[in-house]
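Notes for the one structure printed next.
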Amino acid sequence: MPTSTATNPTTATAAAHPTLRIYNTLTKKKSPFETVLPGKVGIYLCGPTVYAEAHIGHMVGPVIFDCIKRYLTYNAYEVNWVVNITDVDDKLIQKANERGMTMLEVAEENIADYKQNLAALGVDQIDHFPRATECMGEIIRLVESLVEQGFAYASEGDVYFDVGKDREYGKLSNRTVEAMQGEGGGMVERKKSAADFALWKSAKPDEPSWESPWGNGRPGWHIECSAMAKKILGETFDIHGGGLDLVFPHHENEIAQSECCHAKPMVKYWAHNGLLRKDAAAGKIGGRGDAASAAGDSVTEDSGKMSRSAGAGGLGDLIAAQGGERIRFFLLRTHYRSTVLFSEPAIEEAAIGLETFYRFFKRYERVTGSSFYELDAPATREGGEMEPGAADLLAQVAQLRKKFLTVMDDDFNTGGAIGELFELVRTLNKYCDDAQLEVTGEMPGQLSEKVEPFVRGVQALKELSSTLGIFQQAPAEAGGGELLGQVMQLVIDLRAEARATKNFATADAVRDGLAPTGIVLEDRAGGTEWTGGDENALDVVIKMLIDLRQTAREGKDFATSDAVRDRLQAIGVTLEDRAGGTEWSIMG
RNA sequence: GGCGCCGUGGCCAAGUGGCUAAGGCAUCGGAUUGCAAAUCCGACAUCGGCGGUUCGAAUCCGCCCGGCGCCUCCA
């Protein structure tokens with residue numbers, strides 16, 4: 001029997017981090033973060049069983065652990081993060097048979113999909129992707145060792161873990177062997193006890209299999225994680241993560257296998273992320289307000305737990321529609337241990353807040369002439385320390401930075417941290433306003449004096465948001481194509497001319513005419529910018545120009561009406577006046 | 001039946017013993033703008049209910065009501 005892990009670690013540990021605390025599922029409380037080895041952190045996150053494409057639920061763990069690694073690295077730890085791929089299992093075999101492919105082919109396909117989705121969400125911190133089929137030697141040796149030590153027994157070509165031999169069995173999920181009423185998932189006749197679980201399964205004819213001391217077979221579900229974690233991170237490592245639904249039986253069994261085999265604690269901190277719940281009408285949950293609205297639409301989509309069996313899917317479509325950063329930002333707004341009600345409208349609402357940051361980045365660019373994304377920022381907590389007593393602005397920034405770090409130190413509270421980021425942007429925006437950073441005609445020298453602290457403040461924003469893995473690169477422009485950009489430039493020029501002559505009726509007509517497309521004009525000191533625009537924008541904008549031209553013609557303002565046609569012509573749009581009205585076409 | 005989680009303003013969501021209960025969305029005022037947009041300022045909750053512990057509780061304990069998860073594959 002191994003010694004107790006939770007209360008009496010037998011491994012030497014490094015000094016605890018002075019402020020960082022982390023919640024441990026095993027002890028059910030937050031504790032100061034201390035590593036097995038000084039300055040180093042080993043993280044193992046349970047990845048997917050690749051029998052199908054990933055769904056959004058599979059991204060929660062990777063996103064939060066990506067932040068955890070970034071934050072630990074920022075705190076000067078050297079982090080080694082492993083995400084396993086389980087590529088041998090009943091469902092993979094079944095899927096391969098259905099599709100007339102090999103198990104390996106099915107796995108490859110879904111691994112590619114998984115990695116693509118990770119990349120889209122900005123998850124790029126993973127160091128190792130071990131695959132079960134590549135660790136068969138380690139798996140077999142682990143099973144052998146458990147048999148030799150009497151914790152497991154062979155039975156008709158299978159090998160089972162003898163739960164009765166592990167006095168600590170159930171400590172992670174807080175269960176007792178006696179209390180478990182399940183019938184153990186079949187194969188009862190081969191087991192000593194229904195609670196025993198398979199370490200090794202004998203192969204049926206035509207199944208993929210590996211040679212072993214017990215005959216040809218393949219690993220049971222849990223053993224591969226114990227083996228891969230040991231192989232890459234050692235017998236005791238720092239953080240083991242996964243979805244809350246893996247606590248039992250998967251992690252309970254992992255801990256049993258590893259600790260019985262090694263007679264030492266498997267991990268220091270078990271960190272489980274909350275699960276996503278699907279809800280077609282999120283935002284209305286518990287809402288008494290508009291419950292009665294939209295009557296007649298009695299089709300209630302099923303809400304509830306999201307899983308493959310529940311038909312979750314379409315992650316690729318979701319990412320294409322929303323963009324990776326929106327989804328990441330949405331997930332990070334909530335604490336990782338909470339359940340998140342997931343829906344597209346909810347993402348879209350969060351995305352409105354994201355725009356505040358993007359607008360600020362544009363403002364930064366207007367002020368400094370350089371891109372926020374190119375800005376150098378401190379990469380470590382120590383390096384980002386700010387001088388006390390610096391300029392007024394920087395004192396505020398330092399304060400917010402401190403609050404950000406305090407909440408992140410408290411079990412990686414990304415939701416609280418994002419709140420501080422909003423405050424930081426507000427502070428920086430206010431400084432821009434007050435210091436009139438965008439007003440032209442300022443003395444160059446004087447201006448740079450004011451810009452300097454501003455840039456330092458923006459660096460802090462970059463520094464902190466980098467630990468969350470957001471704002472790393474400019475989001476893909478929605479853009480309505482090149483032509484729309486050219487047409488809009490024309491619109492803006494025409495309107496500017498109208499405004500210059502105080503022809504506000506025309507200027508406003510332009511603004512109003514754009515409204516239906518979602519295009520908004522923003523008049524600034526340096527000129528007019530436009531944002532937005534839906535898929536019909538080009539057509540609507542050109543029709544608006546046609547109307548404008550018609551109005552000018554009726555007013556005998558042929559200079560304007562000709563200008564509209566000539567300039568459109570210049571960018572390749574031809575107008576033809578017909579009896580029924582004017583039509584437009586693009587020159588070939 | 002066993003184990004566990006959650007219930008904070010119209011919505012989302014931090015906070016889990018002590019300054020005026022973060023922040024986002026929405027809404028309403030104001031500054032700014034030719035009008036807008038953006039930005040800034042301000043307004044907007046006593047924390048599901050009841051009882052208890054405490055000098056002091058959203059935060060601890062008990063009961064109740066209402067959601068949900070795991071105990072079978074699942075991130």
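Keep in mind that the numbers below use all heavy atoms, side chains included, and drop hydrogens, waters and symmetry copies. Here is how names work: the chains are called A, B, and so on, in the same order as the sequence lines, proteins then strands, and each is numbered from 1.
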task: Give the rounded distance in Å between these two atoms: CG of A:L276 and C1' of B:C6.
output: 16 Å

query: In whole angstroms, how far is the C1' atom of B:C40 from the CD atom of A:Q436?
result: 13 Å

- prompt: Is the closest side-chain heavy-atom distance between A:T414 and A:M408 below 4.5 Å?
  reply: yes

Under-3.5 Å donor-acceptor pair between A:R175 side chain and B:G1 base: no

message: The side chain of A:S338 is closest to which nucleotide in this list: B:C73, B:U39, B:A14?
response: B:A14

message: Measure CG/A:L354 against P/B:G24 and give the value in whole Å, please.
response: 13 Å

- prompt: Could you give the NZ-to-P distance, from A:K115 to B:A75, as a whole number of Å?
  reply: 17 Å

- prompt: Parallel under 30°, tilted from 30 to 60°, perpendicular over 60°: which one fits the rings of A:F237 and A:Y44?
  reply: tilted

message: Before we go on, tell me: are the rings of A:H222 and A:F197 under 6.0 Å apart, centre to centre?
response: yes

- request: Report yes if a donor N or O on one partner sits less than 3.5 Å from an acceptor N or O on the other, where the partners are the side chain of A:R511 and the base of B:C35; otherwise report no.
  value: yes

- prompt: Which one, B:C11, B:G2, B:A75, comes nearest to the side chain of A:E349?
  reply: B:C11

task: Tell me what A:D508 touches on the nucleic acid: a base, only sugar-phosphate, or nothing, going by heavy atoms under 4.0 Å.
output: base

query: Which of these nucleotides, B:U39, B:A75, B:C70, is closest to any side-chain atom of A:F248?
result: B:C70

task: Answer with base, sugar-phosphate or nothing: what part of the nucleic acid does A:H335 contact at a heavy-atom distance below 4.0 Å?
output: sugar-phosphate

message: Considering every strand and a 4.0 Å limit on heavy-atom distances, what is the contact class for A:R366: base, sugar-phosphate, or nothing?
response: nothing

Separation of atom CD1 in A:I418 from atom C1' in B:A22, rounded to whole Å: 13 Å

message: Under 4.0 Å, counting only non-hydrogen atoms across every strand here, what does A:D523 touch: a base, just sugar-phosphate, or nothing?
response: base

query: Do the side-chain N or O atoms of A:N429 get closer than 4.0 angstrom to the phosphate oxygens (OP1, OP2) of B:A38?
result: no

message: Classify A:T531 by what it touches in the nucleic acid, base, sugar-phosphate, or nothing, heavy-atom distance under 4.0 Å.
response: nothing

message: Over all strands shown, is A:K502 touching base, sugar-phosphate only, or nothing at heavy-atom distances under 4.0 angstrom?
response: nothing

task: Tell me what A:I352 touches on the nucleic acid: a base, only sugar-phosphate, or nothing, going by heavy atoms under 4.0 Å.
output: sugar-phosphate

- request: Respond yes when some side-chain nitrogen or oxygen of A:T528 is under 4.0 Å from OP1 or OP2 of B:A36, and no when none is.
  value: no

- prompt: Under 4.0 angstrom, heavy atoms only, what part of the nucleic acid is A:G241 near: base, sugar-phosphate, or nothing?
  reply: nothing

message: When you measure from the side chain of A:R328 to the backbone of A:G469, do you find a donor-acceptor pair of N or O atoms at a distance under 3.5 Å?
response: yes

message: Would you call the rings of A:H251 and A:H272 parallel, tilted or perpendicular, taking 30° and 60° as the class edges?
response: tilted

field: Options B:A22, B:A75, B:U39, nucleotide nearest the side-chain atoms of A:H58
entry: B:A75

task: Confirm from the modelled atom types if A:K430 and B:C40 form a donor-acceptor pair under 3.5 Å, side chain to base only.
output: no

- prompt: Nearest to the side chain of A:D433, which nucleotide is it out of B:A22, B:C40, B:C70?
  reply: B:C40

field: Nearest-Å distance for atom pair CD/C1', residues A:E522 and B:C35
entry: 15 Å

- prompt: When you compare B:G24 with B:A13, how far apart are their P atoms, in angstrom units rounded to a whole number?
  reply: 16 Å

statement: A correct dot-bracket answer for RNA chain B, with pairs being Watson-Crick or G-U at under 3.5 Å, [ ] for crossing pairs and | for inter-strand pairs, is ((((((((.[[[..)..(....]]].(((((.......)))))....[[[[[..)....]]]]])))))))....

- request: Using a cut-off of strictly less than 4.0 Å, decide whether A:R277 has a side-chain nitrogen or oxygen near OP1 or OP2 of B:C68.
  value: no

- request: Could you check whether A:G61 gets within reach of a base, just the sugar-phosphate, or nothing at all, counting any heavy atom under 4.0 Å?
  value: nothing

message: Between the base of B:A13 and the side chain of A:R333, is there a donor and acceptor pair under 3.5 angstrom?
response: no

- prompt: Is A:D410 salt-bridged to A:K30, going by a charged N under 4.0 Å from an acidic O?
  reply: yes

message: Donor-acceptor check, side chain of A:T501 to backbone of A:A498, threshold 3.5 angstrom: yes or no?
response: yes

query: Is any side-chain nitrogen or oxygen of A:R337 closer than 4.0 Å to OP1 or OP2 of B:C6?
result: no

task: Assign the ring pair A:Y169 / A:F161 to parallel, tilted or perpendicular, where the plane angle (0 to 90°) is split at 30° and 60°.
output: tilted

Same-atom distance (C1') from B:U27 to B:G10, integer angstrom: 9 Å

message: A cation-pi test, strictly: NZ or CZ of A:K462 under 6.0 Å from the centre of the six-membered ring of A:F471 and no more than 45 degrees from its axis. Yes or no?
response: no

task: Would you indicate what A:F422 reaches in the nucleic acid, counting non-hydrogen atoms under 4.0 angstrom: base, sugar-phosphate, or nothing?
output: sugar-phosphate

message: Can you confirm if the aromatic rings of A:Y269 and A:Y23 lie within a centre distance of less than 6.0 Å?
response: no

- prompt: For A:N273 and B:A75, is the shortest distance between a side-chain N/O and OP1 or OP2 below 4.0 Å?
  reply: no

message: Starting the side chain at C-beta, find the nucleotide from B:A13, B:A37, B:G15 nearest to A:N413.
response: B:G15

